[in-house]
Novice: 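Structure below; questions to follow.
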Amino acid sequence: IQSQILQPGQTIFLHFQPGDGVPPFNALCNVVSKQFIKETATVPSTISEIKYGVKFTSISQNIRESIKAFAEVKSATKAA
């Protein structure tokens, strides 16, 4: 997410690119966490990146099924 001003609790509309067998899709999401990642090598006091955790609140049924199938394949691969 290319924004530094989002806050936990906000609702946002995201577009996800295709990948790993999941087609591109749009989703309504809630921001659930915001993590500041500090640069440790060169300038320890600066923040180089912000990572957000989001929760899907609205996605289409066919995308939900694609994501579920993807997760099941990944889970089976790890178990083997």
Novice: Counting only heavy atoms not in Q61, do more than 12 fall under 6.0 Å of its CD?
Specialist: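 It does: Q61 CD has more than 12 such atoms within range.
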Novice: Identify, with sequence neighbours excluded, every residue that meets side-chain contact (heavy atoms from CB on, under 4.5 Å) alongside Q7.
Specialist: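 Q7 satisfies side-chain contact (heavy atoms from CB on, under 4.5 Å) with Q10, K34 only.
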Novice: Just how far is it from atom CD1 of I67 to atom CD1 of I59, taken to the nearest 0.5 Å?
Specialist: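 Interatomic distance, I67 CD1 to I59 CD1, rounded to 0.5 Å: 4.0 Å.
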Novice: Taking atom SG of C29 and atom CD1 of I12, what is their separation to the nearest 0.5 Å?
Specialist: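 CD1 of I12 is found 6.0 Å from SG of C29.
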Novice: Taking side-chain hydrogen bond (donor to acceptor under 3.5 Å, both in side chains) as the test, write out the residues that go with T57, two or more places apart.
Specialist: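 Scan of T57 (side-chain hydrogen bond (donor to acceptor under 3.5 Å, both in side chains), adjacent residues dropped) gives none.
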Novice: So, using side-chain contact (heavy atoms from CB on, under 4.5 Å) as the criterion, who are the partners of Q4 when residues are at least two apart?
Specialist: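 Q4: side-chain contact (heavy atoms from CB on, under 4.5 Å) contacts with I50.
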Novice: Got a second to check how far E65's CD is from S60's OG, nearest 0.5 Å?
Specialist: 9.0 Å
Novice: Are L28 and V22 connected into the same hydrophobic cluster when the rule is that any two of I, L, V, M, F, W, Y join if their side-chain heavy atoms are below 4.5 Å apart?
Specialist: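 No, no single cluster joins them.
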Novice: Of all residues at least two apart in sequence or in a different chain, which pass the ring-ring contact (aromatic ring centres under 6.0 Å, His included) check with F16?
Specialist: F25, F56
Novice: Name all residues meeting the side-chain contact (heavy atoms from CB on, under 4.5 Å) criterion together with P24; count only those two or more places apart in sequence or in a different chain, and write none if there are none.
Specialist: H15, P18
Novice: Give, for atom NZ of K68 and atom OG of S66, the distance between the pair rounded to the nearest 0.5 Å.
Specialist: 12.0 Å
Novice: When hydrophobic residues are tied together by side-chain contacts of less than 4.5 Å, even through go-betweens, does F36 share a cluster with V31?
Specialist: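 Same cluster: F36 reaches V31 through Ile, Leu, Val, Met, Phe, Trp or Tyr contacts under 4.5 Å.
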Novice: Mind checking side-chain contact (heavy atoms from CB on, under 4.5 Å) for S3 and listing every partner two or more places apart, or none if nothing turns up?
Specialist: I1, I5, L6
Novice: Rounded to the nearest 0.5 Å, what separation is found between the NZ atom of K55 and the CG atom of N30?
Specialist: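 Here the interatomic distance stands at 7.0 Å.
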Novice: Hey, are the side chains of K74 and E72 touching, using non-hydrogen atoms and a 4.5 Å cut-off?
Specialist: no
